[in-house]
Amino acid sequence: MFLPTASGLATAPLNAVFNSTTNSYKFYWFLAILKNLHRGNILEMNDLRMQMVSDVWFPLNFYHVSFGSQDGFKTIADLIVNKFGVKIDNKKELFGQLNQALLPAEKALLFKQVETLTRYVPWLIVRPFFNQEFQGIVNPEKKIEKICTELFEKESERVIYRFAKDSIEINPRWHDYFSKHQAILRGFTFWHLVKFLQRNNPNVIGLSEKLEPPTDSERNLKKESDLWKAYLLQNGTFSCIYSGQPVLTSDLSLDHFLPWSYVVHNQQWNLVPISRSENSSKNNRLPNWKTHFEPFAHAQFSFFGFLKQQPAHHEPVKKTLEQYQMIGIRAGESLIYPIFRKKLEQAIFPQYQIAQNSGFQPWQKK
């Protein structure tokens, strides 16, 4: 994947900024610059650091993505939760929330920790533009600052930004290029970030969906709920797999047996109706496999049988049956419960174990 060229700009070295990446800092530094272009050419370091923490929050805390043993962002995220007690609302922009939630002393501590982690990153981003000057030179960081200042106007085609004490100044020509191609540059960065994350999360599903907060449309379960409500109306009493209490259509909430923040999809073979209070209690934690998988499998088997009885041309039913087909359960087969259960377990249990290993917490049913 290559970036757009621009007349008079040395864009080729920009393609190399993420080569030989051992942690996530360069990705989030560059994304922070792109997100803050609206502030002008001069960007404060602390604003960029706050943006980095905001952007890495969901992959780490909500989706439990691993950034590798050399990455220190997890320590920063834990600091915000455990020491500062900040609870982030995923429907609001995180940058503003952190700015409002943290006291001045807390911000100072946060900035210091992020600065310690990322102190070489601002230089490493621009290093590919000066490979000839620094060939064979070890640790050329301070010299990069000097050359960026000297060449900022004379060779603006290859000086992205220069350094001040607490800020960077983006070259106007590069600011225009970044602004014009921001969507492509973000895609380029995310593409490299996903490649990096795949090395540390080889068995985790949906990595590309776990880089930003979920949207309302991704969490909308109206179509799925309508099918379960039709099932409940036809089958009468249905007991919650967790509490054993009847589930009413007036108080129905669909639970993702494997948390949505792990699977990042709403496929019906991972859903079951429970009460709203029970769903709120479970949240994005893992149910007890030994206690809850068996009733879940029975509920799924009954629901699958209901789907097979519906008109084949009914579009929501047709699409739902295709979802089951993806895990080896076919509507045309005459499946008895033990076979259905085995196929469902084969699809879910390996992912359940990976979710456990990724840091998803068990739900202690009260």
Side-chain angles (χ1 to χ4, degrees), residues 54 56-66 74 77-94 97-98 101 201 204-207 209-225 228-229 238-297 299-300 347-366:
S54 300
V56 82
W57 178 272
F58 270 93
L60 279 175
N61 282 61
F62 185 70
Y63 297 116
H64 297 283
V65 172
S66 171
K74 180 60 177 171
D78 289 344
L79 176 76
I80 294 170
V81 175
N82 300 325
K83 185 175 178 62
F84 301 155
V86 176
K87 294 183 179 180
I88 300 298
D89 181 349
N90 65 10
K91 292 186 178 179
K92 297 179 183 176
E93 211 284 321
L94 297 180
Q97 285 188 78
L98 284 175
N201 303 268
V204 174
I205 57 176
L207 274 177
E209 306 298 320
K210 295 179 177 179
L211 302 181
E212 296 189 288
T215 63
D216 290 340
S217 62
E218 288 175 317
R219 303 302 300 270
N220 190 316
L221 292 168
K222 184 180 184 310
K223 291 179 180 178
E224 291 78 8
S225 294
W228 278 102
K229 286 178 180 178
F238 177 86
S239 297
C240 173
I241 69 168
Y242 302 126
S243 69
Q245 299 299 310
V247 177
L248 307 175
T249 56
S250 59
D251 186 39
L252 180 147
S253 182
L254 285 189
D255 171 57
H256 293 77
F257 190 79
L258 295 175
W260 184 92
S261 51
Y262 175 74
V263 296
V264 290
H265 65 62
N266 298 320
Q267 297 205 3
Q268 286 280 21
W269 52 263
N270 187 50
L271 298 175
V272 67
I274 62 176
S275 70
R276 291 171 187 166
S277 61
E278 205 75 12
N279 202 12
S280 177
S281 172
K282 178 174 175 280
N283 201 0
N284 68 335
R285 289 176 289 225
L286 289 166
N288 183 295
W289 184 269
K290 291 182 179 179
T291 304
H292 299 132
F293 177 72
E294 198 66 45
F296 172 73
Q300 278 287 326
I348 292 181
F349 187 63
Q351 295 302 322
Y352 182 94
Q353 292 179 306
I354 294 169
Q356 274 186 319
N357 296 337
S358 298
F360 282 86
Q361 297 301 305
W363 178 43
Q364 300 298 332
K365 176 82 175 84
K366 295 181 180 179

Seminar exercise, completed: In terms of heavy-atom contacts, Leu271 and Gln267 come closest through CG-O, 3.5 Å
Exercise. Any side-chain heavy-atom pair from Phe293 and Phe349 closer than 4.5 angstrom?
Worked result: no
Problem set entry | Atom of Pro259, atom of Leu286 and distance for their closest heavy-atom approach | CD-CD2, 3.5 Å
For this session: Looking only at non-hydrogen atoms, find the nearest pair between Pro213 and Glu218 and report the distance.
Result: O-OE1, 4.4 Å
Exercise. Closest heavy-atom contact between Asn220 and Lys222?
Worked result: OD1-N, 2.9 Å
Exercise. Do the ring planes of Phe62 and Trp260 sit parallel (below 30°), tilted (30 to 60°) or perpendicular (above 60°)?
Worked result: tilted
Problem set entry | For Ser239, all residues meeting side-chain hydrogen bond (donor to acceptor under 3.5 Å, both in side chains), sequence neighbours excluded | none
Problem set entry | Candidate list Lys223, His256, Glu224, Arg219, test side chain to side chain donor-acceptor pair (under 3.5 Å), partner Asn266, passing option | His256
Seminar exercise, completed: Tightest non-hydrogen contact, residues Asn284 and Phe360, listed as O-CD2, 3.5 Å
Exercise. What pairs with Asp251 under side-chain hydrogen bond (donor to acceptor under 3.5 Å, both in side chains), at least two apart in sequence or on another chain?
Worked result: none
Problem set entry | Which residues share a side-chain hydrogen bond (donor to acceptor under 3.5 Å, both in side chains) with Gln245, sequence neighbours left out | none
Exercise. Between Ile205 and Val263, which heavy-atom pair has the shortest distance, and what is it?
Worked result: CD1-CA, 3.8 Å
Exercise. Could you go step by step and tell me if His64 and Tyr262 meet the ring pair (Phe, Tyr, Trp, His ring centres under 6.0 Å) rule?
Worked result: CA-CA 8 Å; His64 297 283; Tyr262 175 74; 9.6 Å; no
